[in-house]
Amino acid sequence: MATKKVYLRNLLLKRSSWFEDKVLEKARLHGYDRITPAMSRMFGHMSGQPIGISELARRLGVSRQAVHKTASEAAQLGLIEFVPDPNHARIVRLQFSQAGWAMSTQAAKNFDEIEDTLKA
């Protein structure tokens, strides 16, 4: 019987799914049970600075509409806010709210714990 080859990309996808599951599990444990996988990925690409919806869409490889929907859901949770771009009247940027920064600080601690698990 032939053995099925396991490709690196499959192993990386499996590990990525494991990591995302751990991140969301830790988020739930700390009261962020309404964070979705899409929000988690979006927050990761925000880099702690105001960022335009189009730029986020490019980074995530999704449509502007998908980013806007996810951002609206996160804004309803009070984690991000829409702010005007100071240089372009037609551009709206996203940034963490105060509650979003608290979540981000907790997430950084969670990432450290997950990384420690991987080191062991």
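All of these numbers come straight from a predicted model, not from anything done at the bench.
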Straight-line distance of [X] [atom1] to [Y] [atom2], nearest 0.5 Å:
| X | Y | atom1 | atom2 | answer |
| --- | --- | --- | --- | --- |
| Phe96 | Ser104 | CZ | OG | 4.5 Å |
| Ser97 | Leu79 | OG | CG | 5.5 Å |
| Lys22 | Thr117 | NZ | OG1 | 7.5 Å |
| Arg93 | Met46 | CZ | CE | 11.0 Å |
| Asn10 | Lys5 | CG | NZ | 10.0 Å |
| Tyr32 | Leu77 | OH | CG | 11.0 Å |

Query raised in the report: Does Ser16 reach the main-chain N or O of Leu12 with its side chain, forming a donor-acceptor pair under 3.5 Å?
Result: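 No, because the side chain of Ser16 does not come within donor-acceptor range (under 3.5 Å) of the backbone of Leu12.
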Query raised in the report: Got a donor-acceptor contact below 3.5 angstrom from the Thr70 side chain to the Ala66 backbone?
Result: yes
Query raised in the report: Can you find a heavy atom in the side chain of Asn110 that is under 4.5 Å from one in the side chain of Val23?
Result: no
Query raised in the report: Does the side chain of Glu81 reach to within under 4.5 Å of the side chain of Leu94, using non-hydrogen atoms?
Result: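 The answer is no; the side chains never approach within 4.5 Å.
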Closest heavy-atom pair and its distance - [X], [Y]:
| X | Y | value |
| --- | --- | --- |
| Ser40 | Leu24 | CB-CD2, 4.2 Å |
| Phe82 | Ala75 | CE1-CB, 3.9 Å |
| Met103 | Ile35 | SD-CD1, 3.9 Å |
| Val83 | Gln95 | CG1-NE2, 3.5 Å |

Query - Of all pairs that satisfy salt bridge (Lys or Arg N to Asp or Glu O under 4.0 Å), the ones with a partner from residues 6-16, not counting sequence neighbours - result: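 Salt bridge (Lys or Arg N to Asp or Glu O under 4.0 Å) check on residues 6-16 returns no pairs.
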Query - Ile114 vs Trp18, side-chain contact (heavy atoms from CB on, under 4.5 Å): CA-CA, chis, key distance, verdict - result: CA-CA 10 Å; Ile114 294 168; Trp18 176 89; 4.0 Å; yes
Requested in this report: Output, in order, the C-alpha distance, side-chain angles, deciding distance and verdict of side-chain contact (heavy atoms from CB on, under 4.5 Å) for Arg90 and Asp85.
Outcome: CA-CA 8 Å; Arg90 293 178 43 195; Asp85 184 300; over 6 Å; no
Query raised in the report: If you count the non-hydrogen atoms of other residues, nucleotides and ligands that lie under 6.0 Å from CD in Gln98, is the total more than 12?
Result: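 12 or below, so no.
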**Report entry** Residue pair Glu20, Arg41: steps toward the salt bridge (Lys or Arg N to Asp or Glu O under 4.0 Å) verdict
**Finding:** CA-CA 9 Å; Glu20 185 170 73; Arg41 288 188 291 273; 2.5 Å; yes
Query raised in the report: Are Leu118 and Phe111 connected in the hydrophobic side-chain network, where two residues link if heavy atoms are under 4.5 Å apart?
Result: yes
Query raised in the report: Are Trp101 and Met42 in one and the same hydrophobic cluster, where Ile, Leu, Val, Met, Phe, Trp and Tyr link if side-chain heavy atoms are under 4.5 Å apart?
Result: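 Hydrophobic grouping puts Trp101 with Met42.
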Quiz: residues 49-58 side-chain donor-acceptor pairs under 3.5 angstrom, not counting sequence neighbours:
{"residue": "Glu55", "atom": "OE1", "partner": "Arg58", "partner atom": "NE", "Å": "3.4"}
{"residue": "Glu55", "atom": "OE1", "partner": "Arg58", "partner atom": "NH2", "Å": "3.1"}
{"residue": "Glu55", "atom": "OE2", "partner": "Arg59", "partner atom": "NE", "Å": "3.0"}

Report task. Take Lys109 and Lys26, measure what side-chain contact (heavy atoms from CB on, under 4.5 Å) needs, and give me the verdict at the end. Result -> CA-CA 10 Å; Lys109 293 175 187 173; Lys26 294 263 187 198; over 6 Å; no
Requested in this report: Begin from the C-alpha positions of Lys69 and Gln65 and carry the test side-chain contact (heavy atoms from CB on, under 4.5 Å) through to its verdict.
Outcome: CA-CA 6 Å; Lys69 179 181 182 295; Gln65 293 83 357; over 6 Å; no
